[in-house]
Amino acid sequence: MIRLYDTATREVSEFKSIEPGKVSIYVCGATVQAAPHIGHIRSGVNFDILRRWLEASGNQVTFIRNVTDIDDKILHKAFHEEMPWWALAMKYERAFSDAYKALNVMAPTYEPRATGHITQMIELMEKLISNGAAYAPGNGDVYLEVRKLKRYLTLSNQKLDDLQSAGDSEDTFKRDPRDFALWKASKPGEPSWPTPWGPGRPGWHLECSAMASAYLGDEFDIHGGGLDLIFPHHENEIAQSEAAGQKFARRWMHNAWVTTSGEKMSKSLGNSLIVMEVLKRVRGIELRWYLGSAHYRSMLEFSFEALDESARAFRRIENFLIRVREIEGDFQGEIAPEFKAALDDDLAVPQALAHISEWLRAGNTAISAGKSAVREAKKIRGALNILGCDPFDPAFGESGNKKLDKAVDGLITLLLEQREAARVRKDFAAADAIRDRIASMGITVEDTANGARWSVE
RNA sequence: GGUGGAGUGGCCGAGAGGCGAGGCUCGGGACUGCAAAUCCCGCUACACGGGUUCAAAUCCCGUCUCCACCUCCA
């Protein structure tokens, strides 16, 4: 039995999908207006682990992650970067795709773009206007009238009257300052689509309601996103979709942030925590291991020291799996009961990591004693597979240049043979000189019971 | 003002009444020609003040500090 937290009830509860054996998930993806930083990709990793676990538990998962490719910020940035808004959106959509791929985040079942679903948005607005939930004041905007809602702000547990007033000056067409825009009339020079209320473009929020119902229907199992989306984005999605007569999401899951010095990451930090920059320091699999290692609902306090430490810890595990494969040949992963118990409990990855440490120690001890470590290796590989960090996963494929790999292996083996010959004749100065030269190339040599082995740092 | 979250050893990071999660660092040891890798031992923490209880990091009352959201946010 899988138990998961639900933001709406603020409790962990048994997860039962609408249709047994099938799970439908909608995760709010990127607004493609800048390159992804590690906070964005943490969200991707967290929900990827959820998806992998649900699939490993026997479910067929339909996973939707949208791309919001039209909004105020995109238009703003496009102006400053001096390119068409659609070129800017594409540029950063690619940046996100590259980051997801580098971290082995599975491609969504469908990845709809907001601009591809204008028709569905217009239909949704027509429904909301005809049933009185929304209004078009005549200037080309369309607003949802929040005072008329049966239910509002239940996810963030706020009262409408307690909200600080937005204080924007363009309230003139709103019946209530807290009404939010479903659709915005386009200003001169802005992109627009024709509607019954005049040319305009989507407001933020509407696209997710339209796309969720287009791909998952009136009701689906899990809606996910970052904590900061709870209000207003998810509240407004609920408002729109429920006002249109849909049941919408059964369960809400939100990942916590990556913080630096205790504070939420912001763009003012500069470029240093852009995913592709961090990947100059550690490999994709190592960054993923780090971002996935804290519980998804806990803040992850980022530091380069912690990242390096985490990467070293991962290499230790990876090294164990490689050694077992060298000794015993290829093997498959398997899900250990302890790992299942941990993941079933609201994706308790930290507990799972504690088990991995135990298996690792037992496995290394077995190797030292000349016994088989394949039992431990299978459990570890099975766990890493769910965490998306299986070092043998082709997604993290090596150079791809097999000829070069073979040549390098041959050369180093030759050097190691010469070193071994020197050691046999007790010429340790010569042996160490060879090891030092190899080390200066970034290659570590280990002497094992089965002879020397080498690895690239 | 409203809503939500956090404070755990040198560091990271779980747990949510009952025998010290786990990792890293550091110190000691085993192994080794020396290393590396690996293993073993050690380092007894829960913001503060009260209270409940046989037993509190965990529950209750109070206090302090920090963070986030309140129409840009993963």
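In the text below, chain A, chain B and the rest are named by the order of the sequence lines, each starting its count at 1. Since the structure is predicted, the reported quantities are computational estimates derived from the model, not experimental observations.
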Pair A:Thr7, A:Arg251: side-chain N/O donor-acceptor within cut-off below 3.5 Å: no

A:Arg453 side chain to A:Asn319 side chain, donor-acceptor N/O pair below 3.5 angstrom: yes

OP1 or OP2 of B:G23 under 4.0 Å from side-chain N/O of A:Arg361: yes

Protein-nucleic acid N or O pairs under 3.5 Å, nucleotides 28-30 of chain B:
none

Of the candidate nucleotides [options], which contains the atom at the shortest distance from the side chain of [X]?
X	options	answer
A:Val258	B:C39, B:U71, B:A74	B:A74
A:Arg435	B:C34, B:A74, B:U71	B:C34
A:Arg316	B:G33, B:G22, B:C24	B:C24
A:Asp432	B:G13, B:C34, B:U3	B:C34
A:Ser298	B:G13, B:A37, B:A14	B:A14
A:Pro350	B:C39, B:G22, B:A21	B:A21
A:Ala354	B:G2, B:G33, B:G22	B:G22
A:Arg419	B:C34, B:G13, B:A74	B:C34

Ring pair (Phe, Tyr, Trp, His ring centres under 6.0 Å) evaluation trace for A:Trp53 with A:Phe339: CA-CA 11 Å; A:Trp53 185 240; A:Phe339 183 79; 5.7 Å; yes

How far, in whole Å, is [M] from [N] if one measures between their [atom1] atoms?
N	M	atom1	answer
B:G22	B:U44	C1'	16 Å
B:A57	B:A6	C1'	14 Å
B:C24	B:A14	C1'	15 Å

Touch class at under 4.0 angstrom, heavy-atom based, for A:Asp447 against every strand present: base

Sugar-phosphate, base or nothing in reach of A:Leu300, heavy atoms under 4.0 Å: sugar-phosphate

Side-chain polar contacts of residues 23-31 of chain A - donor-acceptor pairs under 3.5 angstrom, sequence neighbours left out - could you list them?
| unit_1 | atom_1 | unit_2 | atom_2 | d |
| --- | --- | --- | --- | --- |
| A:Ser24 | OG | A:Asp221 | N | 3.1 |
| A:Ser24 | OG | A:Asp221 | OD2 | 3.3 |
| A:Tyr26 | OH | A:Asn66 | OD1 | 3.3 |

B:G33 base / A:Arg423 side chain donor-acceptor hit below 3.5 Å: yes

Salt-bridge contact A:Glu145-A:Lys174 (side-chain N to carboxylate O under 4.0 Å): no

Electrostatic pair A:Asp176:A:Arg147 at N-O distance under 4.0 angstrom: yes

Residues which pass ring pair (Phe, Tyr, Trp, His ring centres under 6.0 Å) with A:Phe96, listed by chain and number, not counting sequence neighbours: A:His40

